[in-house]
Amino acid sequence: MAAYRAGVIGAGSWRLVVPQRMTGVVMGAAGTGRCLSFLGVSGGGSGLGVRAYMSQLGAPASHLVHRAAERSSLPLAKATYPAVRGYRTGGWWRESDRSSRKVLGLVFVLGGSLGVFQALKSSLGEQRAEEKQQQQAEDGSFRLTLYQYKTCPFCSKVRAFLDYYRLPHEIVEVNPVMRGEIKFSSYRKVPILIADSGSSLQLNDSSVIISVMKSFLTSNKSLEEILSYYPSMKAVNDKGKEVVEYNNKYWLMLDERETERIYPTKESRVEEMKWRRWADDWLVHLISPNVYRTPHEALASFDYIVREGNFGTVEGLFAKYVGAVAMFIIGKRLKSRHHLQDDVRQDLYSAANDWVSAVGKHRKFMGGSQPNLADLAVYGVLRVMEGLESFNDMMNNTKIKPWYERMATAVYSPVDSQ
């Protein structure tokens with residue numbers, strides 16, 4: 001059923017006729033189109049309206065994805081109301097057209113009833129799809145294997161997500177020296193998530209993993225289709241080293257109705273993405289300088305890393321003492337690279353309080369009554385410091401403790417008790 005959406009194209013005022021089945025989300029934002037490939041900024045009149053809309057959400061234009069065949073088939077119609085007999089401005093009806101009025105009223109009633117029926121049908125279909133995919137993940141027909149370092153904040157983010165959504169998964173602790181456990185992969189970082197439901201799919205990058213899995217649990221798309229919306233791109237960083245980037249990794253691949261079900265407002269989606277990025281681009285970089293701040297803290301940190309990690313006996317002794325000295329020195333360099341204060345604790349305290357201020361006094365979590373993906377990301381990053389001096393200092397000198405304890409309860413408690 002066609003719906004009109006306004007746009008300004010050229011000098012005149014037009015309306016873009018878009019089939020309702022096509023209105024949805026481009027890279028997770030409530031916009032238009034069902035993305036099938038990464039095509040960058042679209043040309044043509046319709047692309048102008050979409051770009052303007054996406055820019056309001058803070059999304060870069062390069063994230064727009066369109067199906068070319070659908071885009072080329074969209075007709076443009078002059079922005080006029082359909083001619084209806086007996087209708088004129090102001091809504092007054094001529095007495096002589098009562099029969100037309102009754103017929104039109106009947107049409108509206110039937111059309112509205114059909115619309116409600118279709119909405120209910122679609123909603124039930126989405127709910128069944130979500131339950132089916134959740135069941136696949138829980139009954140063993142959909143197996144997940146996470147390759148990780150336990151003390152890695154990026155890996156901890158993924159574990160927090162899997163634990164919160166009660167997704168059974170096997171954990172393989174990777175030896176950080178030899179990394180033989182991931183020799184099957186050309187991607188040599190962790191976390192790596194292998195999803196096996198008949199055929200194996202490899203998901204790389206913590207934020208991509210979380211976005212893919214959340215999209216899968218929410219939509220009726222297959223995991224293969226969703227993963228295709230997150231293409232990797234090679235880039236060169238500021239050191240001249242080639243790296244793999246995922247420019248759209250904070251977007252969820254949902255249609256319009258699915259997006260409205262997850263995000264009550266556009267602002268809530270933008271807020272979640274902003275703070276997920278903040279966790280990756282800022283909060284993570286505060287961990288190492290703080291846990292390796294002094295020789296004593298560096299040794300305590302590596303004692304924890306060796307106990308929790310996959311080290312051989314000799315490797316463990318080497319890592320504990322030599323690694324502690326090395327990371328104490330590297331921690332100082334990281335402080336300079338990220339422009340931290342001489343007392344790096346102050347940056348950690350400020351970040352914790354900034355997060356608490358963003359959540360606000362009237363919400364349990366940034367997601368409201370339940371954690372959203374930003375809550376899980378921040379919690380996952382901070383969790384790797386548990387048991388260390390830096391963590392205790394943060395709990396005692398910031399306002400984050402009540403939120404953190406609520407997150408621990410939400411992630412680890414049974415669903416029924418939340």
Side-chain angles (χ1 to χ4, degrees), residues 1-7 15-36 46 49-59 63-67 70 74 111-134 161 164-165 210-222 225-226 229-230 248-277 359-360 362-377:
M1 183 175 181
Y4 288 88
R5 292 199 172 184
R15 285 178 181 260
L16 179 63
V17 182
V18 182
Q20 189 64 38
R21 61 181 178 83
M22 291 176 59
T23 60
V25 175
V26 178
M27 312 309 280
T32 61
R34 176 170 169 270
C35 45
L36 292 182
S46 62
V50 175
R51 272 182 292 180
Y53 183 80
M54 293 292 284
S55 66
Q56 293 176 0
L57 300 179
H63 290 175
L64 296 180
V65 176
H66 299 279
R67 179 184 278 176
E70 289 180 345
L74 297 180
S113 300
L114 180 59
V116 171
F117 171 75
Q118 292 292 346
L120 290 173
K121 181 180 178 182
S122 177
S123 178
L124 289 173
E126 289 170 357
Q127 182 178 353
R128 288 171 185 154
E130 181 176 352
E131 292 174 352
K132 178 181 178 181
Q133 297 192 46
Q134 186 85 22
F161 173 86
Y164 176 70
Y165 284 101
I210 290 169
S211 293
V212 168
M213 293 305 301
K214 177 61 175 178
S215 299
F216 176 71
L217 293 176
T218 306
S219 75
N220 58 5
K221 302 178 183 71
S222 69
E225 180 183 359
I226 294 170
Y229 301 154
Y230 296 88
N248 54 340
K249 61 186 177 182
Y250 301 107
W251 295 90
L252 299 186
M253 300 305 157
L254 308 175
D255 64 27
E256 187 173 21
R257 188 173 289 108
E258 292 162 350
T259 300
E260 291 172 352
R261 193 150 49 90
I262 298 299
Y263 302 110
T265 64
K266 298 172 186 176
E267 290 75 17
S268 63
R269 179 181 61 249
V270 174
E271 180 185 53
E272 180 187 81
M273 293 173 60
K274 170 187 173 181
W275 288 95
R276 288 180 68 192
R277 187 184 297 275
V359 173
H362 304 295
R363 294 189 293 185
K364 293 176 61 178
F365 308 100
M366 181 166 282
S369 60
Q370 296 295 330
N372 66 8
L373 298 185
D375 287 293
L376 293 170

inquiry  = Please list all pairs meeting salt bridge (Lys or Arg N to Asp or Glu O under 4.0 Å) that have one or both residues in residues 362-374, counting only residues at least two apart or in different chains.
reply    = E271-R363

inquiry  = Between R261 and L254, is the side-chain contact (heavy atoms from CB on, under 4.5 Å) condition met? List the steps.
reply    = CA-CA 10 Å; R261 193 150 49 90; L254 308 175; over 6 Å; no

key: With S219, the side chain to side chain contact (heavy atoms under 4.5 Å, CB included) member among I262, L252, T259, I226   = I226

task = Identify the residue among R277, K274, R269 that makes a side chain to side chain contact (heavy atoms under 4.5 Å, CB included) with Y250.
result = R277

Atom [atom1] of [X] and atom [atom2] of [Y]: how far apart are they, to the nearest 0.5 Å?
X	Y	atom1	atom2	answer
D255	E260	CG	CD	9.0 Å
L373	S211	CG	OG	6.5 Å
W275	N372	CH2	CG	12.0 Å

inquiry  = Just to verify, what does Y230 make a ring-ring contact (aromatic ring centres under 6.0 Å, His included) with, not counting sequence neighbours?
reply    = none

request  = Could you tell me whether E272 and K214 make a salt bridge, using a distance below 4.0 angstrom between a side-chain N and a carboxylate O?
outcome  = no

query = If you take all heavy atoms of Y164 and Q370, which pair is closest and at what distance?
reply = OH-OE1, 3.1 Å

request  = Kindly give the heavy-atom pair with the smallest separation between E258 and K221, and that separation in Å.
outcome  = OE1-NZ, 3.7 Å

query = Quick one: side chain to side chain contact (heavy atoms under 4.5 Å, CB included) partners of T265, sequence neighbours excluded?
reply = E267, S268

message = Is there a side-chain contact between Y165 and M213 in this structure, where contact means two heavy atoms from C-beta onward sitting under 4.5 Å apart?
response = no

